[in-house]
Amino acid sequence: MKDALKNFSAVPEGPFSATGEIAGYPVRPGLFLLNGANVVPGGVSFTIHSVSAASCELCLFRRGEEEPFAVLPFPEHFRIGNTFSMIVFGLDIHEFEYAYRMDGPWDPARGLLFDPTKYLLDPYARAVTGQSVWGSSRHPGQAYHARVVEDVFDWGDFSDPHLRFQDMIIYETHVRGFTRHPSSGVSCPGTFEGLLEKLPYLLELGVNAVELMPVFEFDEVADGRTVDGKQLLNYWGYNTVCFFAPNTSYTAAVEYNREGTQLKKLIRTLNEHGIEVILDVVVNHTAEGDRRGPFFSFKGLDNNIYYMLTPDGSYYNFSGVGNTLNCNHPMVRQFILDCLRYWVVEYRVDGFRFDLASILGRDSDGSPLAEPPLLESLAFDPILGRVKLIAEAWDAGGLYQVGSFPSWNRWAEWNGKYRDDLRRFLKGDEGMAWAAVERICGSLDLYPPDKRQNASVNFLTCHDGFTLYDLYAYNQKHNEANGWNNTDGANDNNSWNCGAEGETDDPAVLALRERMAKNAFTVLLCSRGTPMFLAGDEFGNTQMGNNNPYCQDNEISWLDWSRLESHQQLFHFVKELIAFRKAHPVVRGKTAPAGCGWPDVSLHNGVPWNKEIDGCTRQIGVLFAGRNQEDTQDDLVLLAINAHWEAHWQQLPELPNGMKWRLVLDTARPDSFHPQRPFDGSGLQLEGRSAAVFTAEKV
């Protein structure tokens with residue numbers, strides 16, 4: 001280090017003038033409050049921090065090379081507190097990559113793993129090099145490098161939709177899998193551009209929020225393996241390499257030093273058309289794994305701070321994949337807050353869904369906190385003030401917090417109980433009718449409106465588990481292609497194959513499966529709370545019974561758009577059902593009281609005003625009453641479900657004078673929104689395993 005500093009001399013001038021020289025480059029102390037690598041007049045400011053490091057070096061590489069062409073040690077007076085910061089002048093950001101090396105104590109029992117031979121990826125890097133070609137493998141032992149990003153994106157006169165939570169209809173999808181299949185018909189399959197090419201489809205369908213599975217940089221080949229001759233990758237991406245960098249393999253063209261431009265274009269365009277963008281973020285663990293895992297960033301910075309460690313220095317594993325971020329340590333809390341604020345300001349995202357969010361509420365020893373500082377900080381942060389915060393309120397360590405996630409009336413939750421209760425009820429299980437009513441009415445038992453408003457994200461399917469088609473095509477998971485002898489993935493799917501396991505030509509089975517899918521969509525989109533469904537469910541997409549295709553970058557996971565043609569009836573049904581939900585505010589939430597005096601919610605289980613339920617009840621009727629959007633007339637919607645395999649009569653309550661019941665849909669009929677069957681307004685024979693919706697209208 002002394003040799004590298006021998007040419008250093010203090011020559012103070014202007015705020016962006018060199019005060020000395022290191023390794024042949026003019027330098028000066030950097031912008032200590034600005035993390036990462038940031039362009040300044042004539043140079044780049046590099047800032048990084050470590051509590052226990054004794055020294056730090058900045059390593060500069062020519063593009064694609066593994067050995068640095070320059071190493072610049074940080075002088076002691078380029079350090080304030082635990083932060084190293086240096087401006088290096090004369091660099092062309094298009095010609096170099098960078099990483100760091102830290103020296104300090106090596107004491108694994110105390111969690112200290114400093115190794116001056118290891119190149120470390122900047123945690124605040126805006127782009128990671130060598131990742132832009134999907135599936136391309138780095139050389140074993142090759143280090144991650146970062147690239148300096150120059151933000152030239154013009155947001156113009158930008159304004160996002162700011163949808164009310166209850167008005168959202170969330171469409172969960174994987175950027176690559178959405179258009180990678182040849183049947184997608186897009187010019188840039190598997191990319192942000194490819195997804196944008198499907199904008200007309202999204203608008204026709206009617207969804208108004210897209211939830212993207214991880215788009216932070218991850219290394220899909222890091223855990224690659226071959227099973228039965230097929231390459232398996234980290235396809236889902238729940239293994240973050242860098243939290244500030246977009247996944248460049250999702251771009252249609254290389255964006256050297258302008259990484260993120262295509263993602264910003266996607267978000268801006270979707271927002272312009274009234275569609276919000278929610279990012280699925282993984283801030284509970286990293287891709288460094290446990291002691292057997294790679295060593296490329298946090299391990300070499302402050303391993304004992306960033307990760308939850310046992311008393312002997314091993315890694316707690318509440319994430320199920322090797323390590324757990326120490327989310328409520330002040331430094332880690334600040335890092336996560338910086339990350340989310342960055343994505344809101346620089347990418348204008350509308351919300352975040354937090355993977356395994358219960359981890360975010362654990363203390364350093366893994367114990368749950370009553371009022372976790374991180375969750376509170378996110379709830380009250382002014383930059384995040386209008387974005388949606390959605391928790392997957394459980395983790396791999398067994399902490400299940402659906403209905404009890406610390407919220408400050410700010411956090412919403414994936415309602416796992418909605419999924420489980422409605423799946424069981426719809427397939428005809430005993431004793432589930434009352435739970436189904438609770439979930440349809442907004443899960444007020446879990447989210448009392450005086451304490452938690454708009455907290456329930458209702459779903460029956462998501463990326464994790466069966467697709468909706470497979471939910472009614474398979475009794476058992478079929479994950480053999482994953483290479484774990486079918487031991488991975490959930491076993492409690494509450495699915496039913498309708499009489500035949502997997503694919504079949506039996507017309508009766510196929511008709512029943514479509515009816516069950518329509519029943520599920522009817523309940524989901526006629527329940528209070530925010531509905532979410534998995535992309536492709538609206539046209540019967542299948543994963544061939546695989547309920548955990550995290551590693552399947554192939555036809556198992558990709559959407560097969562040819563099924564849109566073969567399942568046109570289901571698609572049009574879902575499209576009309578979404579439009580129906582939008583047209584009836586009383587379905588989405590409580591409105592002004594109905595003029596007829598009927599209560600906001602009432603039960604009509606088979607006969608009017610019947611709220612009796614026992615263990616054998618499989619028929620329910622839920623009536624929502626209120627006012628329409630213009631407050632000009634009553635909005636009355638009755639959802640009737642017969643989960644029994646036998647037909648039952650549904651009697652309708654007598655309406656006030658001047659109004660009559662209209663049958664909106666009947667899933668027992670192929671053309672469900674235009675059922676050709678007698679209806680006199682007094683009641684309807686509900687066929688076995690069917691659902692119907694009625695509205696009141698003026699005579």
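Numbers here simply count residues along the sequence, with the first being 1. All heavy atoms count here, side chains included; hydrogens, waters and symmetry mates do not.
Remark: the Ser456 side chain and the Asn415 side chain contain an N/O donor-acceptor pair separated by less than 3.5 Å. Checked by atom type, the side-chain pair Glu555/His181 shows no donor-acceptor distance below 3.5 Å. For Ser319 and Asn284, the side-chain atoms include no donor-acceptor pair closer than 3.5 Å. Remark: the Tyr171 side chain and the Glu538 side chain contain an N/O donor-acceptor pair separated by less than 3.5 Å. At a cut-off of 3.5 Å, with distance as the only test, a side-chain donor of Asp537 or Thr461 sits close to an acceptor on the other residue. Side-chain contact annotation: Glu276 with His162, donor-acceptor N/O pair under 3.5 Å absent. Residues His572 and Glu576 have side chains that never bring a donor and an acceptor to within less than 3.5 angstrom of each other. Checking Tyr124 against Asp338 by side-chain atom types alone, a donor-acceptor pair falls below 3.5 Å. Side-chain atoms of Thr667 and Asn519 include a donor-acceptor pair closer than 3.5 Å. If you check the side chains of Asn479 and Asn548, you find no donor sitting under 3.5 Å from an acceptor. For the residue pair Asn554 and Gln552, a side-chain donor N or O sits within less than 3.5 Å of a side-chain acceptor on the partner. A donor-acceptor contact under 3.5 angstrom links the side chains of Asn271 and Asp350, judged on distance only. There is a side-chain donor-acceptor pair under 3.5 Å between His285 and Asn239. Between the side chains of Tyr144 and Asp219, at least one donor-acceptor pair of N or O atoms lies under 3.5 Å. Tyr256 and Ser132 form no side-chain donor-acceptor contact under 3.5 Å, judged by distance and modelled atom types alone. Side-chain polar atoms of Asn208 and Asp167 form no donor-acceptor pair below 3.5 angstrom. Tyr238 and Asp280 form a side-chain donor-acceptor contact under 3.5 Å, judged by distance and modelled atom types alone. Looking only at atom types and distance, the side chain of Ser562 has a donor-acceptor partner in the side chain of Asp560 under 3.5 Å away.
A salt bridge does not link Arg63 with Glu97: none of the charged nitrogens is closer than 4.0 Å to a carboxylate oxygen. Asp160 has no carboxylate O lying under 4.0 Å from a charged side-chain N of Arg348, or vice versa, which leaves the two without a salt bridge. Under 4.0 Å is where a charged nitrogen must lie from a carboxylate oxygen, and between Lys575 and Glu204 at least one such pair does. Using a cutoff of 4.0 Å between basic side-chain nitrogens and carboxylate oxygens, Lys265 and Glu193 are scored as salt-bridged. At a threshold of 4.0 Å, the pair Arg225-Asp223 does not count as salt-bridged, since none of the basic side-chain nitrogens sits closer than that to a carboxylate oxygen. A salt bridge links Asp151 to Lys264: one of the charged nitrogens lies within less than 4.0 Å of a carboxylate oxygen.
In this structure, the separation between OH on Tyr119 and CD on Gln142 is 11.5 Å, given to the nearest 0.5 Å. Considering CZ of Phe533 and CG of Leu525, their distance stands at 6.5 Å, rounded to 0.5 Å. Between the NE2 atom of His174 and the CE atom of Met213 there is a distance of 5.0 Å, given to the nearest 0.5 Å. To the nearest 0.5 Å, atom CG of residue Leu524 and atom OG1 of residue Thr530 are 10.5 Å apart. Within the model, atoms OH of Tyr469 and NE2 of His567 stand 5.5 Å from one another, a figure rounded to the nearest 0.5 Å. For the atom pair Thr248 OG1 and Leu263 CG, the distance stands at 11.5 Å (nearest 0.5 Å).
For Pro549 against Gln543, the heavy-atom pair with the smallest separation is CG-NE2, 3.5 Å. What you find for Val207 and Ile169 is that their closest heavy atoms are CB-O, 3.7 Å.
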Item to complete: Please lay out, stage by stage, how Glu259 and Arg126 fare under the test salt bridge (charged side-chain N to carboxylate O under 4.0 Å, His left out).
Response: CA-CA 8 Å; Glu259 282 82 359; Arg126 271 57 165 182; over 6 Å; no

Worksheet item: Yes or no on side chain to side chain contact (heavy atoms under 4.5 Å, CB included) for Leu512 and Tyr472, after CA distance, side-chain angles and deciding distance?
Response: CA-CA 9 Å; Leu512 179 56; Tyr472 298 116; over 6 Å; no

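Of the residues listed (Trp561, Phe521, Phe571), the one engaging Phe539 in a ring pair (Phe, Tyr, Trp, His ring centres under 6.0 Å) is Trp561, and it is the only one. With respect to Asp553, the side chain to side chain donor-acceptor pair (under 3.5 Å) criterion is satisfied by exactly one of Trp236, Tyr235, Trp558: Trp558.
For the pair Lys388 and Trp411, the cation-pi criterion (under 6.0 Å, within 45° of the ring axis) is not fulfilled.
Within a 6.0 Å sphere centred on CZ of Arg341, other residues, nucleotides and ligands contribute more than 12 heavy atoms. With a 6.0 Å radius and a threshold of 12 heavy atoms from other residues, nucleotides or ligands, Asp92 has its CG atom above the threshold. In the displayed structure, Gln476 atom CD is contacted under 6.0 Å by at most 12 heavy atoms of other residues, nucleotides or ligands.
Between Phe354 and Phe352, the ring planes are tilted. Angles from 30° to 60° get that label.
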